[in-house]
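The sequence lines fix the lettering, A, B, ..., with proteins before strands; numbering per chain opens at 1. Just so it is clear, the values below take in all heavy atoms, side chains as well, and ignore hydrogens, waters and symmetry mates.
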There are 2 protein chains.
Amino acid sequence: MTDSHPTLHIDLASPVPVYRQIARGLRILLVEGNLAPGHRLPTIRDLAMDLGVHRNTVAEAYRLLADEGWIELRRRRGATVLDRPLPSPGPDAGDRWIRRLNELIAEALTQGLEPGFLAAALRRAAGSIENVIPDTRREQP
Amino acid sequence: MTDSHPTLHIDLASPVPVYRQIARGLRILLVEGNLAPGHRLPTIRDLAMDLGVHRNTVAEAYRLLADEGWIELRRRRGATVLDRPLPSPGPDAGDRWIRRLNELIAEALTQGLEPGFLAAALRRAAGSIENVIPDTRREQP
DNA sequence: TCCATTGTCCGCAGACAATATACATTGAAC
DNA sequence: GTTCAATGTATATTGTCTGCGGACAATGGA
């Protein structure tokens, strides 16, 4: 088991830029607790090597996460995971998310996916959510 | 009621290009039957006016839909909706869609949305799907 | 003190999106 | 049938973004 970055899929053909794909993937690992506070992320160059992209591309992703408060970047020490509480969502974050969900569903229908298939997938996802994330600590706004 | 384009939200600040947002929005209206075959879409210039973007941006969206077989573009006659059967999905379309769904959920969690809220929204969406789209006619691959 | 490691800065080339502008086509009025 | 305004189309321009190359700066450890 030499895979140090368990699940970090990036798709060079996707229209969403690579540095943002990396940031999103890491964000997911962070929020799911796979990367606990105090942990060291791989160095920029190492991760770039593994993913087959340029260092600055990974650096951009790390900078994004640092700006959001997930990690701390220090020279010669790499990136360390901060003990960051989840942000409290904005007032209409829920509405905007639901709109995105509806768009995703509509797009699936335009591709010809079966409504029954989609409904099953949605219910399955709903079930798995509540188990994965037990309880959340919020930051005070 | 002077609103000729019921629900077509575009976000100039979004990283996804405007012409693709327009195409996606129209595609949704088409698949949900709000735009029946034979209907005329607004002219490129009119829609551009309404949305506050350049004509060529809308033209690009229309061309996309025309390439996909949703509409027919003819000079001086505008865009007419074609009677197009839903495409039959590719072999791994389902898997890729489920991955996108999971990413959407993970992103919501990173924003601090409550798992319970998300689960409820997912279940609600699952329920509404099966009612909205009764039966689908597929094209033969 | 010295040096290898690691993040950072600056500039660049290519791609792409949105626009401006001019053009080609065509249905309809007469 | 001629004419013309309406409408889609083609080309060029401009700005922005991505990913990259290379040089630089800081810094922990030998």
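- Between atom CG of residue L12(B) and atom CD of residue Q21(B) there is a gap of 7.5 Å, rounded to the nearest 0.5 Å.
- Within the 4.0 angstrom heavy-atom criterion, no nucleotide atom of any strand lies near R40(A).
- Atom CZ in R76(B) sits about 16 Å away from atom C1' in dC23(C), given to the nearest Å.
- Counting heavy atoms from C-beta on, the side chains of Y62(B) and D67(B) never come closer than 4.5 Å.
- Positionally, the nearest nucleotide of DNA chain D for V53(A) lies more toward the 5' end than for the other of R75(A) and V53(A).
- Atoms CZ (R55(A)) and C1' (dC10(C)) sit 13 Å apart, rounded to a whole Å.
- Of all nucleotides in DNA chain D, those with any atom nearer than 4.0 Å to a heavy atom of chain B start and finish, going 5' to 3', at dA5(D) to dT11(D).
- We find that E60(A) and R20(A) are not joined by a salt bridge, their nearest charged nitrogen and carboxylate oxygen being 4.0 Å or further apart.
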Report task. For the pair R123(A) and E130(B), evaluate salt bridge (Lys or Arg N to Asp or Glu O under 4.0 Å) and give the outcome as yes or no after the intermediate values. Result -> CA-CA 12 Å; R123(A) 277 191 247 274; E130(B) 287 153 331; 3.2 Å; yes
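- Look at CD on E60(A): it is 14 Å from C1' on dC10(C), rounded to the nearest Å.
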Report task. Please test R63(B) against E72(B) for salt bridge (Lys or Arg N to Asp or Glu O under 4.0 Å), starting from the C-alpha separation and ending with a verdict. Result -> CA-CA 9 Å; R63(B) 222 167 292 143; E72(B) 183 192 44; over 6 Å; no
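- Rounding to whole angstrom units, CZ of residue R63(A) and P of dC9(C) are separated by 7 Å.
- Between the CD atom of E72(A) and the C1' atom of dT8(C) there is a distance of 16 Å, rounded to whole Å.
- Contact annotation: Y62(A) side-chain N/O to dG7(C) OP1/OP2 distance is not under 4.0 Å.
- Under 4.0 Å is where a charged nitrogen must lie from a carboxylate oxygen, and between E68(A) and R27(A) at least one such pair does.
- Rounded to whole Å, atom P of dG7(C) lies 11 Å from atom CG of N56(A).
- Comparing A59(B) and P15(B), the nucleotide of DNA chain D nearest to each residue sits closer to the 5' end for A59(B).
- For the atom pair CG of L118(B) and CG of L113(B), the computed distance is 5.5 Å after rounding to the nearest 0.5 Å.
- Protein atom CZ of R45(A) is 10 Å distant from nucleotide atom P of dT5(C), rounded to whole Å.
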